[in-house]
Q: 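Okay, handing you the structure first.
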Amino acid sequence: MTDLSKVLRAKLAEVAEIRLPKAVFDQQSVDGTRKWLLSLDGGNAIETVYIPEPNRGTLCISSQVGCALDCKFCSTAQQGFNRNLSVAEIIGQVWFAVQALADEERDRPVTNVVFMGMGEPLLNFNNVVAAANLMVDDEAYGLSKRRVTLSTSGVVPALYRLAEATDISLAVSLHAPNDELRERIVPLNRKFPIAELLPACRNYIAGKPHRKITWEYVMLDGVNDRDEHAKELAKLLEGIPSKINLIPFNPFPGAGFKRSSDERILRFARILQAAGYTTTTRRTRGDDIDGACGQLVGKVQERAKRRLRTEQQVQAERT
Ligand code: SAH
């Protein structure tokens, strides 16, 4: 890089390195979905999933090794939390995928990025925001800010900060229409109940025309999938520019939940659509390679005590 000064080049050689992440596993599903296990310094590994569709290619990336939250239907939760990913490790997943897919017959293999892999992105705020801003920077990957989506369980104070720091799309893992039910499946709701969460989400899109919040709703048989839940949800979101994405539950060993039937999901969607909400059902992709939502496990060398870490992380958010 001769356009940089000698002094800067010498400094960079000292403090920085350019190193592509290494895949230790590479699996391909019958539906074309790819899943890579990328090794990290320190012996950990994370999973990154690529989902090709006719008009786009979505990369689902991780933000942490493991996860400190304890969502009852998520297999990443079961392995506990180890550490945050660095900016390099987050953007490195995009770099890796673009390189790995270079010989595919696609102009731009990665058009969309979703922070829906392992971890809670808002509990690794600074690194996630820096990496997301690189993805949308024209000097870097130049993705549309509407095509980079952060998915969160709802860390309320961080949502307010996010509105100041970036303009990417927001998906929120709601999964229940009331606190009583949400607390049971997303324990973070005890810290940040729905009445605090919704104003923070409204604030995120305030003043941004045509922006909507995507509400994610995992369909758990007999738990949150009744007609009444759909009606309650429709009422709850009244007045918020919304899209609702129903996710058929993806099972994993020891999960203790079942996926709602297709008919149930369809009925649930119809109720929401009749109430005026754009409602889609996520097609399950890559489940033959355990690459579907909530199935990413990676490899955690030393599992931290989850409860303690959650307390510390959420406490740090409060202050
Ligand atoms: N921590 C972030 C990102 C998590 S993964 C968040 O909570 O949003 C992205 C989505 O997959 C979330 O909506 C999450 O609730 C959902 N998910 C987790 N486990 C799942 C499973 N077993 N089946 C279907 N969806 C699941």
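Along the sequence shown, residues are numbered consecutively beginning with 1. Note that ligands are numbered from 1 as they come in the structure, with each ligand's atoms numbered from 1 the same way.
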Q: Of the listed options (I247, L188, N250, T149), which comes nearest to atom 16 (C) of ligand 1 when hydrogens are ignored and any heavy atom counts?
A: I247
Q: Can you check which of H175, Q64, E216 brings a heavy atom nearest to atom 14 (C) of ligand 1?
A: H175
Q: Pick, from S153, A171, S173, G119, the option with the minimum heavy-atom distance to atom 3 (C) of ligand 1.
A: G119
Q: When Ile, Leu, Val, Met, Phe, Trp and Tyr are grouped by side-chain heavy atoms lying under 4.5 Å apart, directly or through other members, which residues fall in the same group as V15?
A: none
Q: Heavy-atom distances under 4.0 Å decide this one: backbone, side chain, both or neither, for T152 against ligand 1?
A: backbone
Q: Among R259, M116, E120, K72, which one puts a heavy atom closest to atom 5 (S) of ligand 1?
A: M116
Q: Quick one: which of C74, G117, S75 has a heavy atom closest to atom 4 (C) of ligand 1?
A: G117
Q: Identify which one of T279, L174, T214, I213 satisfies the side chain to side chain contact (heavy atoms under 4.5 Å, CB included) criterion when paired with I244.
A: T279
Q: After noting the C-alpha distance and the side-chain angles of L85 and V65, does the key distance pass the side-chain contact (heavy atoms from CB on, under 4.5 Å) rule?
A: CA-CA 7 Å; L85 296 186; V65 182; 3.6 Å; yes
Q: Using the rule side chain to side chain contact (heavy atoms under 4.5 Å, CB included), only one of I168, T166, V172, V114 pairs with L150; which is it?
A: I168
Q: Got a salt bridge between D167 and K145, using NZ or NE/NH1/NH2 to carboxylate O under 4.0 Å?
A: yes
Q: What class does the angle between the rings of Y217 and H175 fall in, given that below 30° is parallel, 30 to 60° is tilted and above 60° is perpendicular?
A: perpendicular
Q: Decide whether an N or O pair under 3.5 Å exists between F73 and ligand 1.
A: yes
